[in-house]
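Here's the structure, in structure tokens; my notes come after.
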Protein chains: 4
Amino acid sequence: MSFNTFGRAFRFTTWGESHGPALGVVIDGCPPGLELSEAKIQPFLDARRPGQSKYTTQRKEPDQVKILSGIFEGKTTGTPISLMIENVDQRSKDYSDVAKAYRPGHADYTYDAKYGFRDYRGGGRSSARETAARVAAGAVARLVVPEVSFAAYVCEIGGDAVDRGNFDSDEISRNPFFCPDAEAAKRWEQLVDDARKAGSSLGAVVECIASGVPAGWGAPVYAKMDSELAAAMMSINATKGVEIGDGFAAARLRGEENADAMRPGKGGSPEFLANHAGGTAGGIATGQPLVCRVAFKPTSSILTPVETITKDGEPAEIVTKGRHDPCVGIRGTPVVEAMMALVLADQKLLHRAQCG
Amino acid sequence: MSFNTFGRAFRFTTWGESHGPALGVVIDGCPPGLELSEAKIQPFLDARRPGQSKYTTQRKEPDQVKILSGIFEGKTTGTPISLMIENVDQRSKDYSDVAKAYRPGHADYTYDAKYGFRDYRGGGRSSARETAARVAAGAVARLVVPEVSFAAYVCEIGGDAVDRGNFDSDEISRNPFFCPDAEAAKRWEQLVDDARKAGSSLGAVVECIASGVPAGWGAPVYAKMDSELAAAMMSINATKGVEIGDGFAAARLRGEENADAMRPGKGGSPEFLANHAGGTAGGIATGQPLVCRVAFKPTSSILTPVETITKDGEPAEIVTKGRHDPCVGIRGTPVVEAMMALVLADQKLLHRAQCG
Amino acid sequence: MSFNTFGRAFRFTTWGESHGPALGVVIDGCPPGLELSEAKIQPFLDARRPGQSKYTTQRKEPDQVKILSGIFEGKTTGTPISLMIENVDQRSKDYSDVAKAYRPGHADYTYDAKYGFRDYRGGGRSSARETAARVAAGAVARLVVPEVSFAAYVCEIGGDAVDRGNFDSDEISRNPFFCPDAEAAKRWEQLVDDARKAGSSLGAVVECIASGVPAGWGAPVYAKMDSELAAAMMSINATKGVEIGDGFAAARLRGEENADAMRPGKGGSPEFLANHAGGTAGGIATGQPLVCRVAFKPTSSILTPVETITKDGEPAEIVTKGRHDPCVGIRGTPVVEAMMALVLADQKLLHRAQCG
Amino acid sequence: MSFNTFGRAFRFTTWGESHGPALGVVIDGCPPGLELSEAKIQPFLDARRPGQSKYTTQRKEPDQVKILSGIFEGKTTGTPISLMIENVDQRSKDYSDVAKAYRPGHADYTYDAKYGFRDYRGGGRSSARETAARVAAGAVARLVVPEVSFAAYVCEIGGDAVDRGNFDSDEISRNPFFCPDAEAAKRWEQLVDDARKAGSSLGAVVECIASGVPAGWGAPVYAKMDSELAAAMMSINATKGVEIGDGFAAARLRGEENADAMRPGKGGSPEFLANHAGGTAGGIATGQPLVCRVAFKPTSSILTPVETITKDGEPAEIVTKGRHDPCVGIRGTPVVEAMMALVLADQKLLHRAQCG
């Protein structure tokens, strides 16, 4: 069944297709009295916006957000906040290839298997344009958790990782890759451009850190902070893996290496001597930075011909022309950050529901 | 907020602590008319049961399940199925150490931060005994999806991985590690026993494959098959990472390497030439085997003294005595399989709700 | 907490305020392949539209619906259907009275108590304009349950009830009161006009009958058909009571009078000799017509001055000028019908989720 | 689909059949630190317990509650609270009549229509024994809302109403009818006994008042206080109608009669001059007493033979022998009170989630 709503207390519902008139999101459960205007949302959309460098898709979308409800005199009222973004650059191209044959790695075949037919124009609902709505919602979520600061960045493209010794958070916004390592960013220019020119594509790993999350947010068992973050991240287009803290590397450590020892810290909070756990224990925030890492597969749209079948089960070959991101993980970075903000806004409200 | 329910259509709610009188699960939304008895559940609990080899905890729990409701004349009635497992071996030991000081990596500190106090006996609700209830529920879920077959196994312990060339599914139940590679199982005997004797612990990676999932199950956006599986797996105790298909390795592939090409297959279904995607595209099952991999951190309970603080913020050192799994990932294997069955039972019902 | 979503499988989320730029609804979980266009929704909105007779508010709203997503080539795709209705006639009047003092019976005081402030223009989110979104969603819900036919009508205004002997379903659309009794409709012209001219208002009772609901839809315990209908109806503005079947009158019957005896009927279904139960038993549909009755209080906006207090707690007197329905129950009729369709669409999908 | 869970933040899930070994409830989301023991729950179960007078069923059930989880050192821990009540007096009678033919007014036919078969022993899941679990949960809910006091009572049996002039809340616990009017209680002895002896049954109206609910609890639109209460009440066995405040009588008032005028009151809160609204406006509590009224139909189990059909569609006649309440509304009274407490506990947590 289609579930286009995420969250339990701070909830949002997205709608819209790649080539429809608009897309949007309705946010429900937002606390009242928060100062909100389009100007507070737009910068986050701008960061995700396509067509800003040759390393991303050339589709030109202004992604201008409009607030349609839930605000009065510049403040959230506690009622649903409806945000809309009009689609502008739905190039009227010939979709007969995609209509007929299934692009491997895309949702073409599976939508048909599920629904019997599909909106094939630009991928319809399966297009990553849906993530613009998440980024808009994420900008609202951030207002709910002013105590938290977020940093998302690409830490690996096509297997080429950043050097953590070069980490500079100021660098993230200075290059077109959300890369915190100036040297890696330099290398990636060539790497991504080569892939683009070859009609190929690259995968990426995105990391997001949330600092300032109070110890106690989160929950045991099926709403563990880890579980909610994993669900959030794996709902983003093209993601295939998620880790909290050391993640898969923790499976290679011994117990004594993996222990995050504690000492008395300031203000009654413990000082942790390590953060292998990535800021959670038993599903609940420890007060350390939350660390989440997400794997993006290479964009499935490539110019190399791939063997496939048609709707009618005939053999075919397909080449995905059109405007595509050579590395979808790059523009996935603001989306990862938005999803983390959305999870934390929800967790904050849930925590105070139960614990006051 | 505490959320002890998982699922949307096929839903289950677990309850119980490590040292309470019992633990259990209530399953709601189960289709009527399925043949069910304790005998259909017990083998799965037995597979997860502690104390069966020296490689797992020595706590002796028979884990006998009782069906308290939802069955009439040997069949599910469509009303809630209540399953209960009594705790038998809650050794009355001295918990004063754990009551006073926080064990790093455990939920001791975070439960106190969230709830103000905690049931410190055996970890209370944060104990992995909760997973017995999931395994019991999973046995019911399997009846809902008879078209699907499951295989979960450990593919890596302490960084020592199986050789996929040696894969033999019959081997999984022949060794105490759920290991599909007889040679690796041999090596792990020494590896795990050494860790146990040293009072240390090891992490593990568990893989689960579900075959027979029809194309079309799953959903776009926030109930993606990938997203539901990720949430399910990351809600299991000690998990820190989850992958679908190639997972993080996909982030290192190029688009043309990662494409799962299709050919006309039998019965109208496509024949796929690869399964990098792990059986999903756009969040919906492709009909290929679903492949999910889960990282378990090393057990946090170790005999090596670790620096920590007391409830009152004083410095302390803690050693976790008692009966513990040297590698919690081993007994996590039946839990991973159960969670996959629970997700698929839910997805099957959700699919037919929307698509008939 | 704000919950602007209704339904479990067929779900909809409404948004918008009386004086914002627009209002709308996002429908999620709708089955694919249903023929849908604006033309299939508009007639239901037209039935609820204000300003059509002197017996309803004079606000002029065309209530033109736009479909923004979820449709391809004239059919639902299974993805969210976003519907939008622009507000046109938000007369820029002086709201300083309402901004300062609380109108008794309105949500003015309670919104302030809950949220700390409120959008006072036309009642903001508490305005019955929200129900236009429900009516639009209801038009889609009807497509999901083509086996069901609906008839909603006013059976009582200001204590003056229809004569059931005069019941004529064709009459309902012939008068401005949705009245199935031509004689009562005649009387109500005077009754409602007198109230309007006096600056007073009247309550009403609306009845809705759904025929063709298959035996088996609905569920035991907390999703009883009765319970879902009650929740749906009591979420409509100005409702204060709901009955299924004989309702409160059943409390005055003896067991043998209330029994709906059965005889063998056609096609294996029973023939019922009465329908005191209103089409449900144990929360599940019997196959008889579902009968639901809803009480609407008199419109709270009246020209008679009422004692009240200001935002600052000072004594005041208030008169609600502006354009109001003298009997809000009249235009509530299409809303009741829409909510019944929405509940049944949900119940149909839920039934097939569990029972196939 | 079966939904045996109620609530959004304070949630409970019930399970169990009339003739199974036990029934119970799992409460999730309960705040931590509340003092709870069996002794705090038992008195409420005792009030609902059958067999205490000749006016209720003669089934003898001690209804002893056991707490299986969620409590440590006498306090709620914030984790699920599992409560169990064993069934003791499942008289082993001959159910062949009920197994074969459908009792009109019962869920026999509809369960078969939905699920294909049913547990016919004592009505299975459709038995009002399920309400014992609600009463137990309600006792926990009361601890969450210590600021609220509750009074539920029968105000009408078989059409014979109490005289509100005789209202004495102390009287409620002094007679076997939960009747606040000593004179009516006197009359009802004869009335109910006559019905019992005649093998007939009577309906009833139960009213519940919650005092001390702070202004601001509740929510606009689909989680209106009115809507949640209506859903809660209409999920109780044998209920057919629900009213808030004046309910259906409000539909006969004029706007000026129905207005709850306000004056400056103590402590900044308004003093209301009437409470036609029953304590809500726009779905949100006004701070006045919440007033809810519920119609119970006469017990469907009667000794008068009723025409019916068998499972195979053959004509038959049925008489419901066995132990039954001649007026199920009487023992419904503690259930109504419990449901009101459960709704308010949920609303309190939801309010502080959104509004802090």
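Chain letters run A, B, ... following the sequence lines, proteins first, then strands; residues in each count from 1.
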Exercise. Where on D/Tyr109 is there a heavy atom nearer than 4.5 Å to chain C: the side chain, the backbone, both, or neither?
Worked result: side chain
Exercise. Given that the side chain runs from C-beta out, which part of D/Ser126 has a heavy atom under 4.5 Å from chain C: side chain, backbone, both or neither?
Worked result: neither
Exercise. Can C/Ser201 and C/Thr299 be counted as having a side-chain donor-acceptor contact under 3.5 angstrom?
Worked result: no
Exercise. Checking D/Ile244 against chain C: side chain, backbone, both or neither under 4.5 Å from a heavy atom?
Worked result: both
For this session: State, yes or no, whether a side-chain contact exists between D/Pro220 and C/Tyr115 at a heavy-atom distance under 4.5 Å.
Result: yes
Exercise. Relative to chain D, which of C/Leu253, C/Thr310, C/Thr304 shows the most heavy atom pairs under 4.5 Å?
Worked result: C/Leu253
Exercise. Among side-chain atoms of C/Lys240 and D/Thr280, is any donor-acceptor pair under 3.5 angstrom?
Worked result: yes
Problem set entry | Options C/Thr14, C/Leu273, C/Asp160, ranked by heavy-atom pairs under 4.5 Å with chain D, top entry | C/Thr14
Seminar exercise, completed: Interface check, chain D: of C/Gly247, C/Gly282, C/Gly245, C/Gly158, most non-hydrogen pairs under 4.5 Å belong to C/Gly247
Problem set entry | Sequence-distant partners of D/Arg293, side-chain hydrogen bond (donor to acceptor under 3.5 Å, both in side chains), two or more places apart | D/Glu207, D/Glu243
For this session: Under 4.5 Å, counting heavy-atom pairs only, tell me which of C/Ala195, C/Ser200, C/Gly265 racks up the most with chain D.
Result: C/Ser200
For this session: Among C/Thr308, C/Ile318, C/Val319, find the residue that satisfies the side chain to side chain contact (heavy atoms under 4.5 Å, CB included) test when tested with C/Arg103.
Result: C/Ile318
